[in-house]
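Counting convention: from 1, in listed order, for ligands and their atoms alike.
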Amino acid sequence: MANPSILILAGDGIGPEVMAEVKKIISWMGAKRGVHFDVSEDLVGGCAYDAHGKPLSDETMAKAQAVDAVLLGAVGGPKYDKLDFSVKPERGLLRLRKEMDLYSNLRPAQCFDALADFSSLKKEVVAGLDIVIVRELTSGVYFGEPRGIFKEGNERVGINTQRYTESEIVRVARSAFELARKRNNKVCSMEKANVMESGILWREVVQEVHDREYPDVQLTHMYADNGAMQLCRWPKQFDVIVTDNLFGDVLSDMAAMLTGSLGMLPSASLGSPMANGRPKALYEPVHGSAPDIMGQGKANPIACILSFAMALRYSFDLGEDATRVEKAVEKVLADGVRTADLMGPEGGKPVSTSQMGDAILAALDASL
Ligand code: NAD
């Protein structure tokens, strides 16, 4: 059987620096675990614009459609700020998400014990936290028509439309239930069914998908405003949260920040299953290209490494290896290894990007 395939799009700024550490782990998987990937690399973002005048070429788009998983670093930087909107680096990423139809965005909020002091919440509220927010990514109020700013009499009116079809809700609900089955088997669906018809439909459809296809998963419903309160009060009550595009945008940023630094946050965007049963998938750290620290060996590679761990779990069914990578990260943090963004007020000497990657590799070796 052919090896599973990965397309690496390291992008701009610190993207290639953090991706270099993921490549070390991919090689480690081959050498030490006998798991080999067919890896190809290409350009996205500003570097693609420099090469072909476009932030994503049609050839790269076709490659992304053909592989089992895309790993992306980051795009953008001040050099490209004045470009026309149509060729800005971010358009490359948006094209990938749109043409791969990546409707399910997974944003984990996981708090490593060693970093619990970084949270703005009390240590006991966040220590050991491990939840995932599933945000619907391709529909809802960010896309619904009509939209625009119109003249009505003597004043302007701004309009956006929240619109969800039943099939859009069904597919993201399935994604959340499938995920829950690989975790602690609990889904909480969040909407505003008390004041929005689209929320009433959302609640009904999620319940129907549950009753018909996933009765073994524990399902609860919550109004999204209460959900925001509960995330601050006691986030450990949740396992998987599924919600729409707008609420998911806000709730996932909030949940992520419960856990500390931007340099720690991975994400996955999943689409429909391909012929081989694997979902279309793109994995990327939540952070951007960090031009302020690029080229200085200061970037924290953990968000990118944890994104690769998500790929192992969700694209390649290698949950055991995903956990091994996550535990290796946990171990180095517990040992006090820190990149500059993770230094507390007590100070100390930070390690470089590649030293952090090497420490994680050493912890992986020790796990065998
Ligand atoms: P950013 O995430 O790049 O940086 C915000 C701050 O966090 C900076 O101080 C940076 O040094 C720090 N930081 C980010 N990642 C880090 C890491 N791994 N290790 C240590 N510190 C880290 O956001 P920004 O400064 O608003 O944007 C910079 C560029 O990135 C812009 O061009 C923006 O459009 C782009 N961007 C891209 C993405 C993406 O590729 N998905 C996301 C956000 C921003």
Side-chain angles (χ1 to χ4, degrees), residues 7-23 25 42-50 55-56 60 64 70-98 100 102 105-108 110 112 115 118 135 137 249 252-253 256-257 259-269 281-310 329 332-333 337-344 348 350-357 359-360:
L7 173 65
I8 291 185
L9 301 173
D12 307 319
I14 62 167
E17 299 171 38
V18 293
M19 196 59 83
E21 305 313 307
V22 171
K23 288 192 219 166
I25 297 183
D42 215 324
L43 304 175
V44 69
C47 58
Y49 176 81
D50 290 339
L56 188 78
T60 313
V70 177
L71 302 182
L72 191 133
V75 296
K79 182 178 164 194
Y80 308 104
D81 281 351
K82 293 211 161 59
L83 287 182
D84 185 69
F85 184 70
S86 64
V87 289
K88 273 193 182 298
E90 291 74 9
R91 301 292 295 179
L93 181 52
L94 292 177
R95 181 174 177 199
L96 282 165
R97 287 181 184 155
K98 185 166 189 299
M100 292 170 76
L102 303 172
N105 181 224
L106 275 51
R107 291 270 301 264
Q110 193 174 7
F112 294 96
L115 298 183
F118 273 70
R135 165 189 173 194
L137 200 59
D249 194 0
S252 64
D253 266 23
M257 269 300 120
T259 67
S261 167
L262 198 52
M264 297 289 301
L265 301 171
S267 79
S269 300
L282 181 144
Y283 299 88
E284 57 178 326
V286 168
H287 63 71
S289 60
D292 54 334
I293 57 166
M294 76 174 273
Q296 301 167 38
K298 286 186 182 166
N300 182 350
I302 292 179
C304 204
I305 288 172
L306 291 177
S307 301
F308 175 62
M310 293 184 83
V329 168
V332 301
L333 294 173
V337 181
R338 301 273 190 276
T339 41
D341 57 309
L342 303 178
M343 299 305 296
V351 298
S352 67
T353 309
S354 71
Q355 285 169 330
M356 177 57 94
I360 293 169

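- Near Glu90, with a cut-off below 4.0 Å to any heavy atom, the atoms of ligand 1 are 32 (O), 33 (C), 34 (O), 35 (C).
- Counting atoms of ligand 1 from 1 in the listed order, those under 4.0 Å from a heavy atom of Gly77 are 32 (O).
- His287 CB, 3.7 Å is the protein heavy atom nearest to atom 14 (C) of ligand 1.
- Remark: ligand 1 and Gly73 share no N or O pair separated by less than 3.5 Å (distance only, no angle test).
- Scanning the protein for heavy atoms near atom 22 (C) of ligand 1, the closest one is Ile293 CD1, 4.0 Å.
- The side-chain contact (heavy atoms from CB on, under 4.5 Å) with Pro301 is formed by just one residue from the set Thr339, Leu306, Ile25; it is Thr339.
- For Glu284 and Arg97, the salt-bridge test passes: some basic side-chain N is under 4.0 Å from an acidic carboxylate O.
- For atom 19 (N) of ligand 1, the nearest protein heavy atom lies under 4.0 Å away.
- Not a single N or O atom of Lys298, backbone or side chain, sits closer than 3.5 Å to an N or O atom of ligand 1.
- The single protein non-hydrogen atom nearest to atom 17 (C) of ligand 1 is Asn300 N, 3.7 Å, given as residue, atom name and distance.
- Near Ala74, the atoms of ligand 1 lying under 4.0 angstrom from a non-hydrogen atom of the residue are 40 (O).
- Side-chain atoms of Asp341 never come within 3.5 Å of backbone atoms of Ala299 as a donor-acceptor pair (strictly under, hydrogens ignored).
- For ligand 1, the polar-atom distance check against Leu72 finds no nitrogen or oxygen pair separated by under 3.5 Å.
- Distance from atom 40 (O) of ligand 1 to its nearest protein heavy atom, with residue and atom name: Val75 N, 2.9 Å.
- If you check each of Pro291, Gly76, Cys304 against atom 28 (C) of ligand 1, the one with the closest non-hydrogen atom is Pro291.
- Here Thr339 has no heavy atoms under 4.0 Å from ligand 1, in either its backbone or its side chain.
- Atom CE of Met310 and atom CG of Leu71 lie 12.0 Å apart (nearest 0.5 Å).
- Counting only heavy atoms, the protein never gets under 4.0 Å from atom 26 (O) of ligand 1.
- Side-chain atoms of Arg338 come within 3.5 Å of backbone N or O of Leu333 as a donor-acceptor pair.
- For ligand 1 and Glu284, the ligand atoms under 4.0 Å from any heavy atom of the residue are 41 (N).
- Side-chain N or O atoms of Ser307 include none that pairs as donor or acceptor with a backbone N or O of Pro266 at under 3.5 Å.
- Ranking protein heavy atoms by distance to atom 13 (N) of ligand 1, first place goes to Ala290 CB, 4.0 Å.
- When only modelled atom types and interatomic distance are considered, Ser269 and Asn105 share a side-chain donor-acceptor pair under 3.5 Å.
- In terms of polar-atom proximity, defined here as any N/O pair under 3.5 Å, Leu262 makes no such contact with ligand 1.
- Salt-bridge formation is not detected for the pair Lys88/Asp81: no Lys NZ or Arg NE/NH1/NH2 atom is positioned less than 4.0 Å from an Asp or Glu carboxylate oxygen.
- The shortest contact between atom 2 (O) of ligand 1 and any protein heavy atom is with Gly288 N, 2.7 Å.
- In terms of protein heavy-atom proximity, atom 16 (C) of ligand 1 is nearest to Ile14 CD1, 4.0 Å.
- The line from CD1 of Ile8 to SG of Cys304 is 8.5 Å long, rounded to the nearest 0.5 Å.
- The shortest side-chain heavy-atom distance between Leu342 and Met264 falls under the 4.5 Å cut-off.
- Under a 4.0 Å N-O distance rule, the pair Lys79/Asp50 qualifies as a salt bridge.
- Listed for the Ser289 side chain is a donor-acceptor partner under 3.5 Å among the backbone atoms of Gly76.
- With hydrogens and angles ignored, the 3.5 Å screen pairs no side-chain donor or acceptor of Arg135 with any backbone N or O of Arg107.
- The N/O atoms of Ser289, backbone and side chain alike, include one that comes under 3.5 Å of an N/O atom in ligand 1.
- The single protein non-hydrogen atom nearest to atom 8 (C) of ligand 1 is Asp292 OD2, 3.4 Å, given as residue, atom name and distance.
- For ligand 1, the atoms sitting less than 4.0 Å from at least one non-hydrogen atom of Ala299 are 19 (N), numbered in the order shown with element in parentheses.
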